[in-house]
Amino acid sequence: MKIIRTVPELSGWRAAVPSTERVAFVPTMGFLHAGHLSLLHDARRRVPSGAGSLVLSIFVNPTQFGPGEDLDAYPRNEAQDFELAESAGVDVVFTPSDPDEMYPSAQTWVNVEGLSSTLCGESRPGHFQGVCTVVTKLWMLVRPDVAVFGEKDYQQLAILRRMHADLFLGGELASMPIVREDDGLAMSSRNANLSPSARADALRLPGFRSEVLRRFGAGARDVTVLLAGATAALAPGVVDYVQAVDASSLQPVDHVVAPTLVAFAVRYGGVRLIDNVVLSP
Ligand code: PAF
C-alpha cells in the first residue's frame, strides 16, 4: 500500500495510471470504522485488484468545521487507519501532510445553493461549502471512475450528487447504506468521543428513529404526529434539529405524500450525532 502525503506526488501517481485501468475512490476524515469499511469493500468490488486501483483519502478537512466545533477533538489514529486500509485492499492512501497542501490560497470555494439551506446547512453555516470544496479538489486530483460515499450523511450525499452533475466531474458517484452497531447506534468516528454514559443515552436516537418508523407503519402521515414528543424521547440529548423534509428537495414538509427524509442531529455529552430514515409512502 502506497502512502502519499503531497498533491504533486498524488498528481504524479494519477498521471502514471494506464488508461486501461480503473480508479475507485473513498474520501474520509479517517478514524475508520465498519461504515468506512463497507464503502471500501464496495469500491473494491467495483474495481477489483487487477482491474485498477483503490484510493482512500484521510483528511480532517478544517474548512468544514465552524468556530467552536470539534476540529481539534475529532478522533485520529493514523496507524490503525493504515492497518484497516491495508486489510480492505486499499492500494493508495492520500493523507495530506498539512492543510495548506489542500488549500494553497484558501480563496476558491464551491457552493451548492438550495439543498444547503436546511438541516446541517442551517445549523452548521459554511459546513457544506467546506465539504464541497474539498471533495471537488480531491475528485480533480484522483479523477476516479467511481467514488463511494455513506448514506448516514444524507444531505451531504444529496449536495455532492448535485455538485457532481453540475460541475461535470465525471466518473460515477455511488453510495452505501448506514452501518449500525449491534444495538442500533449508527457508526460514526465521533462515537469514540462519547463517555460511557453518553454512549448509553445516545441509544435514544436509534430508539426514536424506530418509533418514527413504527408510527409511519401504523399509518401516521402528519409530521406533527410522526415527530410528537421528539425532544423528550431524545433527552438528555440536546436536539439540534429533528426535521422532516422532502427527500429530493430537502425542503420541510407537513405531510408525508412523497419520499420524506426524517433527519436527526442531537448532542449527547457534547458529541453531535446524526441519523436519518427515509419514509416512502
Ligand atoms: O463524510 C466525510 O467524511 C467528509 O465530509 C468528506 C466527504 C470526506 C469530506 O471531508
Side-chain angles (χ1 to χ4, degrees), residues 4 7 10 24-40 42-43 54-66 69-78 80-81 84-85 88 90 92-96 98-103 106 108-112 115-116 119-121 123-142 144 146-164 167 169 171-179 186-193 263 265 271-276:
I4 296 183
V7 165
L10 179 61
F25 179 40
V26 175
T28 75
M29 299 206 299
F31 210 76
L32 302 181
H33 52 67
H36 296 116
L37 296 183
S38 84
L39 308 182
L40 289 170
D42 185 58
L54 172 54
V55 180
L56 163 73
S57 67
I58 299 174
F59 178 55
V60 183
N61 172 36
T63 68
Q64 68 188 77
F65 291 80
E69 289 189 356
D70 58 349
L71 173 61
D72 293 337
Y74 199 84
R76 294 161 168 90
N77 188 336
E78 188 174 270
Q80 180 180 290
D81 284 349
L84 288 168
V90 169
V92 174
V93 180
F94 173 55
T95 184
D98 188 283
D100 290 352
E101 197 66 38
M102 293 305 291
Y103 293 98
T108 304
W109 304 102
V110 180
N111 259 309
V112 175
L115 291 172
S116 302
L119 310 176
C120 288
S123 72
R124 301 183 70 188
H127 169 67
F128 287 120
Q129 174 178 285
V131 171
C132 288
T133 302
V134 82
V135 172
T136 302
K137 287 166 180 266
L138 291 166
W139 199 291
M140 296 181 85
L141 289 166
V142 176
V146 60
V148 189
F149 294 83
E151 292 171 9
K152 181 165 71 73
D153 298 289
Y154 185 105
Q155 186 179 25
Q156 166 174 288
L157 183 59
I159 288 170
L160 292 177
R161 283 193 195 286
R162 182 75 267 145
M163 180 187 89
H164 175 252
L167 295 182
L169 287 180
E172 184 191 347
L173 196 161
S175 71
M176 287 295 282
I178 297 177
V179 177
M187 296 267 182
S188 166
S189 303
R190 288 189 169 93
N191 292 353
N193 287 346
V271 180
R272 187 177 182 279
L273 303 179
I274 58 171
D275 203 344
N276 69 67

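Counting convention: from 1, in listed order, for ligands and their atoms alike.
Residues forming a side-chain contact (heavy atoms from CB on, under 4.5 Å) with Ser116 (at least two apart in sequence, or on another chain): Val112, Phe128, Ile159. Listed by chain and number, the residues in a side-chain contact (heavy atoms from CB on, under 4.5 Å) with Leu39 are Val26, Val148, Met176 (sequence neighbours excluded). For His33, the ring pair (Phe, Tyr, Trp, His ring centres under 6.0 Å) test picks out His36, with sequence neighbours left out.
The aromatic rings of Trp139 and His164 lie tilted to each other, with the angle between the two planes from 30° to 60°.
Nearest heavy atom pair, residue Asn61 against residue Val134, reads ND2-CG1, 3.4 Å.
Here the side chain of Ser57 pairs no donor or acceptor atom with the backbone of Phe94 at under 3.5 angstrom.
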Can you produce the list of protein nitrogen or oxygen atoms under 3.5 Å from a nitrogen or oxygen of ligand 1, alongside each distance?
from     : atom 1 : to     : atom 2 : distance (Å)
ligand 1 : 1 (O)  : Gln156 : NE2    : 2.8
ligand 1 : 5 (O)  : Gln64  : NE2    : 3.0
ligand 1 : 5 (O)  : Gln156 : OE1    : 2.8
ligand 1 : 10 (O) : Gln64  : OE1    : 2.6

